[in-house]
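Hydrogens, waters and symmetry mates are skipped; everything else that's a heavy atom, side chains included, is used. Numbering of residues begins at 1 and proceeds along the displayed sequence.
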Amino acid sequence: MIHSLPADLDAIARDELARDERVDFAAQPLAGRATVRAFGIWFFAVPWTAFSVFWTVMAASAAGALDGWGIVFPLFGTPFVLIGLAMLSAPYGVWRQSRRTLYVVTDRRAVVATPEGDGLTVRTIPPGLLR
């Protein structure tokens with residue numbers, strides 16, 4: 001096992017390294033620190049979502065009074081509610097991504113593995129670019 005990495009990330013790191021490559025440093029980013037920074041979007045997301053929900057509910061309650069086109073107004077608000085919910089969940093996404101990110105520095109290179117969709121993107125940085 002490489003230092004104190006979780007077993008799944010340890011396996012990923014071992015798959016990336018050559019047999020004779022020596023690990024000097026292996027770690028993950030601090031998930032809490034990244035998550036705290038992502039909470040900045042909440043200052044915008046909370047009023048956005050609250051107004052979007054309010055507007056959609058009010059449009060839905062007035063939909064019965066309108067003839068034919070009454071359903072259009074609540075449907076117009078739905079994407080805004082969904083965008084608001086996505087912004088509210090952004091800190092969780094950042095936390096989840098940082099829990100799956102891996103940094104490894106070896107005697108030959110640096111490796112950064114980050115989650116990308118269902119897979120993992122692995123970048124190798126040669127020693128000449130590390131200085």
Side-chain angles (χ1 to χ4, degrees):
M1 185 165 180
I2 300 175
H3 301 280
S4 61
L5 294 176
D8 57 337
L9 292 179
D10 181 65
I12 291 168
R14 293 212 179 273
D15 288 344
E16 275 304 308
L17 302 178
R19 289 180 188 248
D20 58 342
E21 200 167 2
R22 186 186 80 241
V23 175
D24 293 331
F25 173 81
Q28 294 179 267
L30 298 174
R33 183 176 290 176
T35 304
V36 167
R37 277 188 257 138
F39 268 102
I41 198 165
W42 272 52
F43 292 113
F44 182 74
V46 169
W48 170 286
T49 308
F51 178 75
S52 299
V53 168
F54 170 76
W55 194 91
T56 305
V57 168
M58 294 309 291
S61 66
L66 301 172
D67 293 331
W69 292 95
I71 191 69
V72 172
F73 292 110
L75 288 178
F76 179 76
T78 304
F80 293 97
V81 172
L82 294 175
I83 290 169
L85 294 175
M87 287 189 292
L88 288 173
S89 69
Y92 171 72
V94 169
W95 175 82
R96 189 167 180 244
Q97 181 175 12
S98 65
R99 296 295 300 154
R100 300 279 307 145
T101 299
L102 170 66
Y103 303 123
V104 178
V105 178
T106 70
D107 56 344
R108 297 183 195 169
R109 61 194 171 133
V111 177
V112 179
T114 54
E116 199 70 37
D118 289 339
L120 202 65
T121 300
V122 179
R123 275 189 337 180
T124 297
I125 304 165
L129 295 178
L130 293 176
R131 295 182 184 166

Could you report the tightest heavy-atom contact between [X] and [Y], atom names first, then the distance?
| X | Y | value |
| --- | --- | --- |
| Gln28 | Thr101 | CG-O, 3.3 Å |
| Thr56 | Pro74 | CG2-O, 3.5 Å |
| Trp55 | Gly77 | CZ3-N, 3.8 Å |
| Leu88 | Trp42 | O-NE1, 3.1 Å |
| Ile41 | Ala90 | CG2-CB, 4.1 Å |
| Pro91 | Thr35 | O-CG2, 3.7 Å |

Non-hydrogen side-chain atoms of [X] and [Y] separated by less than 4.5 Å:
| X | Y | answer |
| --- | --- | --- |
| Val111 | Leu102 | no |
| Arg14 | Val23 | no |
| Val104 | Phe25 | no |

#### Entry: Sequence neighbours excluded, every pair satisfying side chain to side chain donor-acceptor pair (under 3.5 Å) that has a member inside residues 84-99
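Output for this query is empty, none listed.
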#### Entry: Which residues share a salt bridge (Lys or Arg N to Asp or Glu O under 4.0 Å) with Asp20, sequence neighbours left out
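By the salt bridge (Lys or Arg N to Asp or Glu O under 4.0 Å) rule, Asp20 matches Arg108.
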### Query
With Arg19, which residues qualify under salt bridge (Lys or Arg N to Asp or Glu O under 4.0 Å), at least two apart?
none
### Message
If the test is side-chain contact (heavy atoms from CB on, under 4.5 Å), which one of Thr78, Leu85, Ile83 qualifies with Val81?
### Response
Leu85
### Task
Apply side-chain hydrogen bond (donor to acceptor under 3.5 Å, both in side chains) to Thr106 and list each qualifying residue two or more places apart in sequence or on a separate chain.
Glu21
### Query
Residues two or more places apart in sequence or in another chain: which of them pass side-chain hydrogen bond (donor to acceptor under 3.5 Å, both in side chains) with Arg22?
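Once residues adjacent in sequence are excluded, the partners of Arg22 under the side-chain hydrogen bond (donor to acceptor under 3.5 Å, both in side chains) criterion are Asp24.
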### Query
Hey, what do you get for CE (Met87) to CZ (Phe43), rounding to the nearest 0.5 Å?
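Separation between the atoms: 14.0 Å.
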### Task
Inspect the surroundings of CZ in Phe54 and state if more than 12 heavy atoms from other residues, nucleotides or ligands are less than 6.0 Å away.
no
Scan the side chains in residues 44-51 for donor-acceptor partners under 3.5 Å anywhere in the protein, sequence neighbours excluded, and list what turns up.
residue, atom, partner, partner atom, Å
Trp48, NE1, Phe80, O, 2.9
Thr49, OG1, Ala45, O, 2.7
Thr49, OG1, Gly84, O, 3.3

